[in-house]
Structures are given as structure tokens and as C-alpha cells.
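For reference, the structure discussed in these notes is given below.
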Amino acid sequence: MKVVLPDESQLELPDGATGLDAARAIGPKLAEQAVLVRADGRVQDLRLPLDDGQRIQLLTTRDKDDPDALAVLRHSSAHLVAEAVRRLYPGVKVAIGPPIENGFYYDFDFPEPIREEDLETIQAEVERELAEGREWSREEISRDEARKLFAAENEPYKIELVDTAEGDISLYTQGEFTDLCRGPHLQNSKPIKALKLTGLAGAYWRGDSTKPQLTRIYGTAFYDQKDLDGYLERLEEARKRDHRRLGNQLDLFHFDEHSPGSPLWHPKGMAIFNTLEDLRRRENAQRGYLEVKTPLIYDKALWETSGHWEKFRESMFLIPLEHDQVYGIKPMNCPGHMLLFGSALRSYRDLPIRYAEAAPLHRNELAGALHGLTRVRYVTQDDAHIFCTQEQIPAELDACIDYLRFLMGLFGLEPRAEFSTRPENKLGSDEEWDFSEGELQAALERNHMEYVVGAGEGSFYGPKIDLHITDVLGRSWQLGTIQLDRQMPARFGLTYMGADNAEHAVFVIHRALFGSFERFIGILIEHYGGAFPLWLAPVQVRILPVGEAHHDGAQTIALRLREAGYRVDVGEPTETIGKRIRTAEMEKIPFVVVYGDRESEESLAVRSRGGEQETLSLADFVTKLATL
RNA sequence: GCCGACGUAGCUCAGCUGGUAGAGCACUUCACUCGUAAUGAAGGGGUCCGCGGUUCGAAUCCGCGCGUCGGCUCCA
């Protein structure tokens with residue numbers, strides 16, 4: 001048979017030849033360094049046979065940055081960790097250990113809980129294995145044999161995996177450890193030049209909180225020690241951009257233990273918050289939204305009608321009152337907007353009605369889920385509910401997507417779109433979901449939105465178009481969302497009178513484009529590393545009088561700039577000018593104006609963030625600010 | 001909520017195996033009146049997260065609670 005190499009040349013091989021055979025046929029050095037073969041674009045273990053006519057690409061230790069090459073290295077590293085753990089902790093049961101972005105993990109069921117300091121012991125054992133060297137061998141066996149093998153090894157998790165695995169069952173063995181594994185794996189452990197265990201965490205078996213909790217050991221590995229060092233440095237750099245750290249440094253917000261998950265916004269953070277709110281209000285008005293305000297608390301009956309009592313109660317703050325009454329603090333605005341819509345007879349001529357409200361919402365998020373501004377209990381969504389006819393759905397969805405793109409474009413953010421379909425705890429029939437999902441998907445296609453499908457990720461009342469973004473530490477967060485809902489208006493008995501003088505069901509599009517101001521600001525802080533563009537910066541210009549004598553002049557300049565609509569403060573001369581400039585730089589203020597004997601309104605010394613200086617008249621400076 | 005770690009001055013952190021708390025920055029005062037990333041000196045500031053326990057003695061050891069961090073689950 002023949003295979004095609006990346007340079008288009010053909011390589012003649014005996015039938016049944018493997019990737020490794022192909023490498024040997026090309027050269028011994030290549031065979032030694034090979035870690036993986038890509039056959040017709042799919043990664044494959046070197047030990048597996050190739051097919052006639054396949055285009056193959058051999059990946060070697062020199063492809064040290066290739067994601068597939070790294071994945072195989074890390075997958076094999078995970079197996080080394082499992083071998084080490086089995087040797088060190090007799091009675092431990094192994095579960096699963098895949099490569100992940102930036103590393104790998106392996107889940108174990110330990111007879112006794114282990115602690116973080118145990119990682120050092122395990123790390124040492126893995127290093128011993130690496131020094132000794134390990135070779136991987138692969139074999140395929142029947143399902144029954146696999147069950148027997150793992151029964152004999154007392155590995156119940158492996159047996160469960162055998163039972164649910166698709167396709168042939170393959171085993172990989174290195175040293176004293178044989179694992180059920182699809183592969184691929186390295187030939188041997190020589191390419192693993194750097195391996196570091198990075199963390200310990202609980203993780204439910206199969207990601208199911210009703211199943212036993214296992215102990216997950218995280219690690220990472222590289223083909224080159226330098227790459228590990230670089231990775232750790234990048235983590236450290238990312239940590240500096242963490243919005244929680246910058247929020248404190250830049251005096252934007254803080255959290256207090258008396259209200260976990262609820263930020264206390266400092267004046268500077270509030271300046272950003274308000275800027276976004278102003279943007280929202282202005283743009284909503286342009287786009288035909290109607291601003292409303294609805295109650296923060298409602299009685300239980302309202303939540304029963306909306307379905308929240310059944311589906312969302314655990315995340316709600318409840319207020320017990322006398323006579324067995326219970327009020328719930330709203331976690332969403334939708335029920336209030338339903339009441340608004342239902343407060344009058346609606347004609348088809350009134351639709352669509354777009355109610356907008358950025359009210360504080362409270363969700364009693366699990367304590368362990370809280371995370372700076374990105375996961376809070378006090379959340380402010382830039383919420384709106386569009387009540388429309390079935391025919392109006394496509395145009396309204398298009399308008400939402402356009403709005404979304406406009407907003408994200410302002411920040412240069414490029415979120416990933418996810419189309420989230422019916423969840424397990426859905427309200428409504430499959431037919432209704434078919435329709436709603438169809439509308440959303442069509443809108444995505446029509447607007448050329450690239451998206452992935454999040455099966456079962458939808459809200460309980462409807463499918464969603466979600467926008468996700470990754471924070472500085474690689475964690476994914478949902479920002480905006482557009483959801484199509486026919487359940488809630490139906491539960492509230494909402495209808496409109498059609499041209500046919502008959503009542504029709506009304507549809508609701510729930511949409512939040514920033515998602516929540518809290519999370520969005522958190523993401524913005526990291527996105528800009530705290531160096532906000534002029535229009536978002538809490539302090540846009542700082543005036544620094546050189547000495548006491550320049551106080552009045554500096555105040556006058558500040559006043560003029562404020563009149564022009566900018567956020568300006570004055571750094572009085574209690575410190576040297578050099579110190580005050582340094583402070584302003586650390587606060588990442590976009591412009592600093594030094595005002596001394598040499599300056600006047602006709603000639604200001606303007607320093608841009610970063611150190612660039614120029615001399616401008618006040619009028620020219622205002623003009624310059626306006627263009628940014 | 002679950003697993004693991006952590007909680008010392010406003011902030012960042014030091015404080016070995018228990019002997020009664022420290023640095024830098026910030027703050028206050030004084031001197032300096034200053035030109036584009038740190039002037040100098042002095043001073044104030046801590047229920048060592050909370051509650052219990054062990055001990056002659058607890059920031060330090062143990063238990064419980066609260067909070068934070070890394071994950072899991074859940075979610076904007």
C-alpha cells in the first residue's frame with residue numbers, strides 16, 4: 001500500500017503497516033522522535049495500522065507546540081501519575097485521566113483523603129518513573145476480558161467505563177500500570193521533559209453531583225522545560241490582570257463578608273458602571289425599547305405562575321412573612337414584565353413591545369460558585385423582554401443580534417456564540433421547543449453567526465443564543481443571551497388581539513446583551529488590564545499643579561474640562577511632581593496635565609498614559625479628547 | 001452545596017518546631033516648593049477572621065462556624 005506524505009511524495013509500505021512503520025521507513029531518527037501520526041487529519045496512535053492512500057503526517061518531539069502533540073504527551077503523563085498514585089496509595093481506585101487545555105488530570109478514589117502536600121510525594125514518584133523511563137504498549141481485548149481484568153484489579157470505575165465505552169476496547173500498559181484507554185500515547189516517556197502537578201480538587205464521578213466525589217489531581221507537561229517555565233510565567237502575568245486584583249488596586253469595588261457575592265462599588269467602579277448604563281439607556285431608546293421599573297419582591301404565587309418556584313426556588317432569596325406568606329426577591333425581571341404586558345388588552349398594532357429594565361437581581365448562588373464580579377449574588381442585567389407575534393420573531397431576533405454586535409464591537413470583544421437547546425428540566429412540549437429552537441438557529445444562520453451547539457444548556461423556559469468569553473485565567477463565562485420563550489407568557493395567560501379579532505399567543509424574547517454589568521465589567525477590567533479607554537476610564541484626566549501657586553490655575557483647567565463633560569480630578573502638591581505622575585500612571589489614568597509656571601490655558605503640558613508628552617492649548621486638548 | 005488550601009495593619013506579605021507581633025507601600029506630622037514613574041525624617045495604626053478547646057502560656061496545636069482562593073456541580 002501507499003501513503004502520501006506532507007510534501008506530496010508517496011511512501012510504499014507493506015499492507016498493515018503502522019504509523020511507526022512509516023516513520024521507520026523514512027528514517028531511524030524520525031522513528032525515535034515520533035509521538036503521533038495524523039492520518040487524513042485525524043490523530044492516531046503510532047502503533048495502529050494505516051490505510052492505503054491515506055495522507056499522513058508524523059508528529060515528533062519537535063512539534064512541541066502542536067496541540068495534538070501536547071495532548072498525547074499530557075495524556076501519557078496522566079498515566080504516569082496514575083501509576084505513581086497506585087504504587088504510593090494501595091487500595092486507591094483509578095477513574096479517568098484525560099488531557100485538557102494546558103495540561104491533564106487524573107481522577108482517583110482514595111481510601112483516605114489526600115492533602116495538597118501529598119502532591120510533592122506523588123511528584124517525586126513520577127520523577128522517579130521518568131528517570132527510570134517507561135514504554136507504553138497497546139493491546140486490544142474483548143469487553144468480557146476487560147471486565148474480568150478490572151474486576152481482578154478491583155477497579156469498579158474502569159468496569160463502568162468498559163460497559164459504556166464505544167468501539168473496541170484497548171489497553172495501554174506502562175511499567176506496573178495497565179489502563180483502559182483509547183489512546184493515543186507516546187512510545188515511551190523520553191519526550192516528557194517537564195511535568196508538574198499543579199493542583200488538587202474534588203470532582204464528581206462523570207461530572208454528576210449525585211455520584212461519588214473523586215479526588216482530581218491536575219498537572220501539566222511539556223516537551224521542553226523552557227515551555228513549562230514560560231507557561232508558569234504566563235500564569236503569573238495573567239494573575240496580574242485578574243479583575244479581583246485590579247479592582248482592589250484601582251479602587252473600583254470590594255466585597256465584604258457580611259454580604260458574600262455582592263460587590264460594594266467604589267466611586268471609581270461606579271463611574272464605569274454608570275458609563276455602561278448610560279450607553280445602555282441611550283442605545284435602548286434609539287432601538288425602540290421602553291424603560292420600565294418593576295418590584296424587587298413578589299409573593300410566592302407569582303413565582304408559582306412563572307415557574308420559578310418549581311425550577312429556580314433553590315437559587316432565590318425568600319422572605320417569610322406573617323400568615324404563612326412568603327415573598328421572593330426577584331432573580332429575574334421577566335415575571336414583572338409579564339404583569340406589565342398583561343395589565344392591558346394588547347392589539348397586534350401594539351406589538352412588538354420591548355420592555356427594558358436594569359434592575360438589581362438577587363440569586364442565592366452556591367457559596368462555592370462565587371467568583372469576584374463574574375459570579376455574584378447581586379446581579380444587574382441589562383435586561384429586556386420583547387413581546388411579539390410569531391411573525392415578528394425573525395426580525396426581532398435579527399435586531400437583537402445586530403445590537404449585540406454593535407455593543408461588542410465597541411470593546412473589540414470577540415465572544416463565542418453558543419446555541420443552547422432544551423434542558424432536562426424544561427417547561428413545555430417537544431413540539432414547542434422544536435419551533436423555538438428552529439427560530440433561534442435560523443436567526444444564527446441568517447446572520448452568519450458562527451456557533452457551537454450546547455445540547456441541553458437552554459433555560460427551563462426556552463432555548464438560548466449565548467455569548468461566551470474566556471477570562472484571563474482561561475475560564476469561560478457567559479455574557480449576553482437571547483432567549484425565545486413561549487412558556488412564560490402562556491403561563492401568565494398573555495395574548496393579543498389579532499387583525500382577525502381573535503386572541504393569539506404572544507411570544508417573548510428575553511435578552512441581556514452585556515449579560516450583567518457586574519460580569520461584563522469584570523471581563524472589561526481583564527480585557528484592558530485596567531487601562532480603560534478614555535470613555536470608560538473612571539478618572540479621565542488628572543491635573544497636577546506643580547506647586548501651591550498653581551492651585552487656582554489647575555482648578556480652573558479642571559473645571560473647564562468638567563464642563564466639557566469629562567471626569568477630572570486634581571492631584572494637589574502634597575508630594576513631588578514625580579511621585580504624583582507615578583501614582584497617576586499606576587492608576588492608569590489616560591491623561592495627566594502638569595500645570596506650572598510654564599503652562600497656561602494656551603499651552604498645557606499633556607502627558608498620555610505611558611509617558612508620551614505634548615503641548616496643547618486647552619481648546620485643542622478638548623478637541624483631542626473628543627476624537628478618542 | 002461538595003473536595004482541597006488559605007485567613008496576621010487600609011494593601012502586599014514575613015513571623016522555624018507554642019513564650020505574648022514585624023517589613024514595604026499607604027496614612028498623619030514636620031522639613032523640602034518641587035517639571036513628567038518613588039524627597040527625607042518622625043509618628044500613628046493590629047479583638048493575628050469568629051467562637052470554643054488543649055496548655056502555665058495559642059497568631060502558632062485541635063474542633064466548629066464564617067469568608068476567600070483552586071476545582072466540581074450549578075449559572076448572567
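In what follows, chains carry the letters A, B, and so on, assigned in the order in which the sequence lines appear, proteins first and then strands, with residues in each chain numbered from 1.
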Seminar exercise, completed: Of N425(A) and A605(A), the one whose closest nucleotide on RNA chain B sits nearer the 5' end is A605(A)
Exercise. With a non-hydrogen cut-off below 4.0 angstrom, is I577(A) in contact with a base, only sugar-phosphate, or nothing?
Worked result: sugar-phosphate
Seminar exercise, completed: Ordered by number, residues from residues 194-203 of chain A within less than 4.0 Å of RNA chain B (heavy atoms) are L200(A), A201(A), G202(A), A203(A)
For this session: Establish, from distance only, whether the side-chain atoms of Y157(A) and D109(A) form a donor-acceptor pair under 3.5 Å.
Result: yes
For this session: Go through the side-chain N and O atoms of R206(A) and T164(A) and say whether any donor and acceptor fall under 3.5 Å apart.
Result: yes
Look at the aromatic rings of [X] and [Y] and report parallel, tilted or perpendicular, splitting at 30° and 60°.
X	Y	value
Y231(A)	F222(A)	tilted
Y355(A)	H337(A)	perpendicular
F406(A)	Y403(A)	tilted
H75(A)	H79(A)	perpendicular

Problem set entry | Whole angstrom value for the distance that separates P of A76(B) from OH of Y378(A) | 19 Å
Problem set entry | Interatomic distance, E257(A) CD vs C51(B) C1' [rounded to whole Å] | 14 Å
Exercise. Quick one: is R244(A) getting a side-chain N or O under 4.0 Å of the U68(B) phosphate, OP1 or OP2?
Worked result: no
Exercise. Considering only side-chain heavy atoms of Q478(A), which listed nucleotide, A76(B), G67(B), G35(B), is closest?
Worked result: A76(B)
